[in-house]
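Below is one structure; the comments refer to it alone.
Lettering follows sequence order; numbering is per chain, from 1. Excluded from the calculations below are hydrogen atoms, water molecules and symmetry mates; all remaining heavy atoms, backbone and side chain alike, are included.
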2 protein chains.
Amino acid sequence: MTLLTIQNASQRSRLSEPTLRYYEEIGLIGPIARDERSGHRRYREQDLDDLQVLACLRAMGVGIEDMRTYQANRAKGRSAAGEQRDILTRHAKRIEQEIATLQVHLRYLEAKAGLWDARDRGDGPGEEAAASRVHVLLDQLEAVLS
Amino acid sequence: MTLLTIQNASQRSRLSEPTLRYYEEIGLIGPIARDERSGHRRYREQDLDDLQVLACLRAMGVGIEDMRTYQANRAKGRSAAGEQRDILTRHAKRIEQEIATLQVHLRYLEAKAGLWDARDRGDGPGEEAAASRVHVLLDQLEAVLS
DNA sequence: GAACAGACCTCAAGCGCTTGAGGTCAAGCA
DNA sequence: TGCTTGACCTCAAGCGCTTGAGGTCTGTTC
């Protein structure tokens, strides 16, 4: 049975070391075994599996409480499959929404950056005031859309 | 000159009341005038313009320090236009990246939700173990991609 | 005139981490 | 043998707000 240091566990799970300690502290993963002399954490392969799952969920913006539920259900197997699916589809919807919003923002940012660019080059008299007015309009548009 | 309560300002800027107080506290917007008797905040149209801009920036994930810079530059007009454009294009890149990542996650979530769905219906003997194995593989894939 | 509702105030704590300070432990080297 | 290095430890504070507690002010109703 291979035991991993927190550094190894961090690399393989792609979670930072403080995050690993944090997840243990709040009980998202069970207490990790310690080295007797040094008191340092030693992770088992089993722990790594758990971390892998948590890392995925986190990457998708799943909140701590949902992670907790998901982990608990994982142990139950088939009987809790429905709830697992619900958690995931709920987040899939959130992400779809988020993508749509970001795409609006992106268009806005590009338009606006273009404006400052024109202003930077200073395209003639009256340009300054006109650009300023367009800025305000764009901001208002964005406020309505967001 | 119309003066607005914090509630009105919140509605029109789409920033929560605590956020308005917070932005004032950290100096993102200048100190807001107060009603003499009650001590309640009274927002001017000028303040609303500032809030509008901040709301846009925030909606796009621009950090506080960049907001501060952006606001300061706004007052300078043409001379700081280059820096304004930089802030915006920098964030545009971030958002593009974010969209790409989210799209990967979305595909992953859908695949995974489908798996739990199959497991829920229980498609026969041996299915349980097989699904479990696929779960682990998917998690690893996601860990690499994210 | 007293009681109530509603909008506002300030202050403190919570979220999910990250960052930093300050200290311990274990191994390698002069 | 003492000294350095590096990986680890714990604890506290910071991020950008949000939420909640507890109190004040103003206006309305009985």
Say whether, by atom type as modelled, one donor and one acceptor occur between the side chain of B:Ser13 and the main chain of B:Ala9 under 3.5 angstrom.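 Yes: the side chain of B:Ser13 pairs with the backbone of B:Ala9.
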
Would you say A:Asp47's side chain and A:Arg44's backbone share a donor-acceptor pair under 3.5 angstrom?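 Flag set: sc A:Asp47 to bb A:Arg44 pair under 3.5 Å.
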
Between B:Arg37 and B:Glu65, which residue's closest nucleotide on DNA chain D lies nearer the 5′ terminus? B:Glu65

Looking across every strand, which nucleic acid part, if any, lies under 4.0 Å from A:Arg34 by heavy atom: base, sugar-phosphate, or nothing? sugar-phosphate

How close or far is atom [atom2] of [N] from atom [atom1] of [X], stated in whole angstroms?
X       : N      : atom1 : atom2 : result
A:Leu57 : C:dG16 : CG    : P     : 14 Å
A:Ile32 : D:dC9  : CD1   : P     : 11 Å
A:Leu4  : D:dC8  : CG    : P     : 11 Å
A:Asp66 : C:dC15 : CG    : P     : 15 Å
B:Ile29 : D:dC17 : CD1   : P     : 12 Å
A:Asp35 : C:dC25 : CG    : P     : 12 Å
A:Glu17 : C:dT18 : CD    : C1'   : 13 Å

Taking OP1 and OP2 of [N], is either one under 4.0 Å from a side-chain nitrogen or oxygen of [X]?
X       : N      : answer
B:Arg41 : C:dC9  : yes
A:Arg68 : C:dG16 : no
B:Thr5  : C:dC8  : yes
B:Ser38 : C:dC8  : no

So which nucleotide from C:dC8, D:dC17, D:dC9 ends up closest to the side chain of A:His40? D:dC9

Please tell me which of the listed nucleotides, D:dC17, D:dC8, C:dC8, lies nearest to the side chain of B:Ile64?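 From the listed options, D:dC17 comes nearest.
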
Do B:Glu98 and B:Arg94 meet the salt-bridge criterion of a basic N to acidic O distance under 4.0 Å? yes

Kindly write out the residues that satisfy salt bridge (Lys or Arg N to Asp or Glu O under 4.0 Å) with B:Asp66, not counting sequence neighbours, or none if the list is empty.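 So B:Asp66 forms a salt bridge (Lys or Arg N to Asp or Glu O under 4.0 Å) with B:Arg90.
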
Would A:Arg21 and A:Glu25 count as a salt bridge (Lys or Arg N to Asp or Glu O under 4.0 Å) if you check the C-alpha gap in whole Å, the side-chain angles of each, and the deciding distance to 0.1 Å? CA-CA 6 Å; A:Arg21 296 192 190 100; A:Glu25 187 193 333; over 6 Å; no

Return the set of residues passing side-chain hydrogen bond (donor to acceptor under 3.5 Å, both in side chains) with B:Gln71 (not counting sequence neighbours), or none when no residue passes.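 side-chain hydrogen bond (donor to acceptor under 3.5 Å, both in side chains) list for B:Gln71, sorted by chain: B:Arg74.
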
If you take any heavy atom closer than 4.0 Å to DNA chain C, which residues from residues 18-28 of chain A end up in contact? A:Pro18, A:Thr19, A:Tyr22, A:Tyr23

Going by heavy atoms in the side chains, are B:Arg34 and B:Arg41 under 4.5 Å from each other?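 A side-chain contact under 4.5 Å exists here.
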
